[in-house]
Amino acid sequence: MDVSIVGSGYVGTTIAACLADIGHDVVNIEIDEEIVATINAGEAPIHEAGLEERIAEHAGTSLRATTDYDEVRETDVTFLCLPTPQADDGSLDLAIMRAGAESLGRALAEKDGDHLVVVKSTVLPGTTEEVVGPILEDESGRQIGDGLELAMNPEFLRMSTAVADFLEPDKVVIGASSDGAAQTLRELYSPILEGKQTDLVETDIREAELIKYANNAFLASKVSLVNDLGNISKEYGADAYEVLDAVGLDDRISERFMRSGLGWGGSCFPKDVNALRAGAREQGYDPELLDAAVSVNDEQPRRLVALLAEHVPLEGARIAVLGLSFKPGTDDVRKSRALDVIEHLRERGADVVAYDPVAVENVRPDYPEIEYADSADEALAGADGAVVATDWPEFDDLAFDGMARRVLVDGRRIDVDREALEIYEGLTW
Ligand SMILES: NC(=O)C1=CN([C@@H]2O[C@H](COP(=O)(O)OP(=O)(O)OC[C@H]3O[C@@H](n4cnc5c(N)ncnc54)[C@H](O)[C@@H]3O)[C@@H](O)[C@H]2O)C=CC1
Ligand SMILES: O=C(O)[C@H]1O[C@H](OP(=O)(O)OP(=O)(O)OC[C@H]2O[C@@H](n3ccc(=O)[nH]c3=O)[C@H](O)[C@@H]2O)[C@H](O)[C@@H](O)[C@@H]1O
């Protein structure tokens with residue numbers, strides 16, 4: 001099938017390379033010329049396991065990139081993989097989606113033959129049919145159901161395992177405006193669906209949109225509940241990991257997403273939970289549980305720093321922050337809990353020295369005043385205390401000999417040699 005993908009960030013690039021890999025002809029439409037050039041040179045604009053080799057294999061044959069929206073006319077289906085960021089008030093900002101839909105609609109005005117537009121971005125219920133659809137109709141001069149079809153196909157991939165998640169998903173969700181649109185997507189995904197443990201969910205567009213938010217809201221709230229229970233465990237002097245590992249053996253609960261600690265960050269959970277809260281309020285419903293999930297999450301970095309302060313007077317102290325990315329395996333620092341930890345440490349007068357194996361350069365511009373180390377050993381040298389903010393595997397081998405005081409407060413339950421420390425405190429154990 002000939003496929004165009006508008007937006008070539010984490011989602012657009014990953015799915016373009018993977019769709020080329022399963023036999024489709026794919027073109028990425030992207031406004032950033034550097035990303036376009038990178039893909040056309042056979043290289044990956046983002047770091048994801050398995051991506052570079054797929055782009056290298058297909059670039060120039062079944063995968064290419066361009067800034068020219070007119071190329072969508074050579075394709076049967078277009079995926080919109082544009083950002084849907086959070087506005088200042090927490091609500092969903094659709095400005096980029098609107099702009100992309102306008103450009104796409106204008107290009108489609110000149111197309112011969114039918115076209116299917118699929119919203120892949122995370123959008124609140126109603127957005128596909130009430131915002132994207134009408135823009136496409138206005139700009140293309142076509143009507144949905146007459147030369148133009150609409151679908152919503154949310155994406156569940158995780159950063160750092162994006163390729164594997166896309167090619168072997170738990171589920172594919174298709175919300176479509178017609179049977180024909182659903183059939184096109186079933187065909188497109190058939191190599192992924194056939195003979196695998198993947199559930200296909202076919203539903204209406206509104207449900208497809210909400211499934212994505214419900215999924216992320218559930219996972220984020222699960223981690224917040226785990227953290228609430230973790231904080232209670234700590235108060236009782238119990239080890240939350242022993243408690244929750246046992247709880248996870250109940251298959252109604254599951255052992256996944258049970259790691260308590262510093263909480264959730266990243267480019268999606270925070271903005272998606274906030275968009276759903278704002279959307280619910282607009283509909284007249286008070287989402288109290290989601291509000292609580294956010295406040296538990298907001299408190300964890302402050303709790304970590306308070307725990308450290310029980311052992312180290314922070315004013316003027318040199319404190320090593322180990323890990324800056326929002327989770328291991330990525331250099332993404334958007335809404336990383338590590339940044340909140342740095343803020344709290346600085347508020348209390350500590351001198352921060354930070355280390356991360358890959359994410360330092362993404363933090364430095366916003367925090368030019370803190371010190372950065374080239375290794376964990378260098379960060380720990382002379383430190384009066386340290387905190388673990390991201391569970392990078394290399395932190396399991398930390399050595400503490402160079403520290404002025406061997407005090408470590410662990411926000412991520414790394415597998416560290418606790419005997420080598422004067423004081424080891426876990427946030428929830
Ligand atoms: N990053 C992730 O792990 C996941 C993201 N999502 C959702 O997918 C959507 C996209 O997210 P990401 O890929 O992370 O965003 P991103 O920010 O990494 O990439 C978006 C790309 O769109 C480009 N762009 C912006 N305006 C454009 C326009 N008018 N025309 C063409 N290209 C344009 C940008 O230059 C950028 O390269 C969001 O709704 C997000 O919530 C869903 C599942 C996973
Ligand atoms: O909508 C999205 O963009 C994506 O958001 C998350 O994926 P991602 O943000 O890449 O990362 P996760 O692995 O889910 O981790 C999110 C945060 O939760 C934290 N977390 C996760 C699991 C856990 O047990 N404990 C915990 O604190 C992580 O440290 C991280 O800060 C979802 O897992 C994906 O399914 C979804 O597609």
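First listed ligand is number 1; within each ligand, the first listed atom is number 1.
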Do the side chains of Asp239 and Arg413 get close enough for a salt bridge, i.e. N-O under 4.0 angstrom? yes

Just to be sure I understand the cut-off, which residues have at least one non-hydrogen atom under 4.0 angstrom from an atom of ligand 1? Val6, Gly7, Ser8, Gly9, Tyr10, Val11, Ile29, Glu30, Ile31, Ile35, Tyr69, Cys81, Leu82, Pro83, Thr84, Ile96, Ser121, Thr122, Glu155, Leu157, Met159, Lys212, Cys268, Lys271

Check whether His24 reaches the backbone of Met1 with its side chain - one donor and one acceptor, N or O, closer than 3.5 Å. yes

Ion pair Glu71/Arg64, N-O distance below 4.0 Å: yes

Do Arg277 and Asp291 sit within salt-bridge range, that is, some charged N less than 4.0 Å from a carboxylate O? yes

Salt-bridge test for Lys212 and Glu155: reply yes if a basic N is under 4.0 Å from a carboxylate O, no otherwise. no

Report all protein residues having a heavy-atom distance below 4.0 Å to some atom of ligand 2; order the list by chain, then number. Glu155, Phe156, Leu157, Arg158, Met159, Lys212, Asn216, Val223, Phe257, Met258, Arg259, Gly263, Trp264, Gly265, Cys268, Phe269, Asp272, Phe326, Lys327, Arg412

Side chain to side chain contact (heavy atoms under 4.5 Å, CB included) between Val226 and Leu229: does it pass, once the steps are laid out? CA-CA 5 Å; Val226 155; Leu229 293 168; 5.7 Å; no

Among side-chain atoms of Trp429 and Tyr424, is any donor-acceptor pair under 3.5 angstrom? yes

If only side-chain N and O atoms count, and only distance matters, is there a donor-acceptor pair under 3.5 Å linking Asn227 with Lys222? no

Is the closest side-chain donor-acceptor distance between Glu209 and Thr128 under 3.5 Å? yes

